[in-house]
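First the structure, in the form of structure tokens, and then the observations on it.
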Protein chains: 2
Amino acid sequence: MTPSTRRPPHGNRGDLFDPQCPTRRLLDRIGTKWTSMAIKVLAEASPQEVRFAELQRRMTGVSQKMLSVTLQGLTRDGLVGRRVEASVPPRVHYRLTPLGLTLEEPLARLREWAEEHMAEVDRANQRSQEGTADS
Amino acid sequence: MTPSTRRPPHGNRGDLFDPQCPTRRLLDRIGTKWTSMAIKVLAEASPQEVRFAELQRRMTGVSQKMLSVTLQGLTRDGLVGRRVEASVPPRVHYRLTPLGLTLEEPLARLREWAEEHMAEVDRANQRSQEGTADS
DNA sequence: CAGGATCCATACCGATACTG
DNA sequence: CAGTATCGGTATGGATCCTG
């Protein structure tokens, strides 16, 4: 989106409000269901690697398919590194890249906000619920 | 998005991994297409209020419906305040609540990361693209 | 063990039409 | 002006089966 240093009065079309907006694209990625959790788990393990099955154990509820898809996306994005042990059975190890580690920081800020304020969000929702619960 | 159907039978690693994980629920919200942009625009205007139509002008590409839905969600969550001018035609003004303002800060960190690193993510994707010897 | 392929339910989102 | 209602396309994500 628009760099924080710039504050156009209004009507700043073109620049960073278009579909190529990097922030929207980033949110499209980390907004997918398992991505941020994968990053968190890998960040907690870092610099240790984590195997696929162990990752699945630590990410409660994720299916094999979704974990695979999520890791593929993160690997394509250069956020996660993938190392295959050519053994039988194969062992695949994942870890955050340096780039992925830099993303973990702002993501952690977001987690902190969530842990600190989501209860208040819930209360606001309950109040709205009550407001619409008319006779 | 929130997986309320899945209930892991065993305990999980930390309270943040269950379906009620506040971070995931937060990402479900700000991950929707227009939410983060609305927060950004309202934050830029803060403490000024912004009317519906003006909001739509500043959020390039958003439809009336999606803006309405987005603002309803943010209002229910207590992140956005809504003031209706009882005039004809009606005028509705929106602004970030103090809670919404606190969210803008970690969101800005995420934007900064995106502006700084998404180009590198794109390059990683292009490399993956080339590596895929398809068809 | 790790993941590909397939089917499918749902949610998101856009376009359009209609109100007070 | 500021919504609400409805329809439908599409992407996301889950369950299941299959493979090297």
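Per chain, numbering begins at 1; letters A, B, ... match sequence-line order.
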Donor-acceptor under 3.5 Å (B:Thr70 side chain, B:Met66 main chain): yes

Rounding to a whole Å, what distance do you find between A:Lys33:NZ and C:dT10:P? 13 Å

Are OP1 or OP2 of D:dT4 and a side-chain N or O of B:Gln72 less than 4.0 angstrom apart? yes

With the side chain defined as heavy atoms from C-beta on, B:Pro90 is closest, among C:dC1, C:dG20, D:dG3, to C:dG20

side-chain N/O B:Ser68 vs D:dA2 OP1/OP2, d < 4.0 Å: no

Whole angstroms only, please: what is the CG-P distance between B:Asp28 and C:dC12? 8 Å

For DNA chain C, whose closest nucleotide is more 5', that of A:Val84 or that of A:Lys65? A:Val84

Output yes when at least one side-chain N/O atom of A:Trp34 is less than 4.0 Å from OP1 or OP2 of D:dT12, else no. no

May I have the distance from B:Arg29 (atom CZ) to C:dA11 (atom C1'), rounded to whole angstrom? 15 Å

Test: A:Lys40 and A:Glu44 ion pair at under 4.0 Å: yes

Grab the NE2-P distance between B:His93 and D:dC1 for me, whole Å please. 13 Å

From CD of A:Glu54 over to C1' of C:dA2, roughly how many Å is that when rounded to an integer? 14 Å

Is A:Arg51 close enough to C:dA2 that one of its side-chain N or O atoms is under 4.0 Å from OP1 or OP2 there? yes

Rounded to the Å, how far apart are A:Glu49 CD and C:dA2 C1'? 15 Å

Does B:Arg91 have a side-chain nitrogen or oxygen under 4.0 Å from the phosphate oxygens OP1 or OP2 of C:dG20? no

Strictly below 4.0 Å, N to O, side chains only: are A:Glu115 and A:Arg111 in salt-bridge contact? no

Send over the distance from A:Met66 CE to C:dA5 P, rounded to a whole Å. 15 Å

Are B:Ile30 and B:Met59 joined in one hydrophobic group, where the rule is that I, L, V, M, F, W and Y side chains link up if heavy atoms are under 4.5 Å apart? yes

Does A:Arg109 pair with A:Glu105 as a salt bridge, N-O distance under 4.0 Å? no

Considering only C:dA2, C:dC1, D:dA2, which nucleotide approaches the side chain of B:Ala53 most closely? D:dA2

Whole-Å distance separating the CZ atom of B:Arg57 from the C1' atom of D:dA2: 13 Å

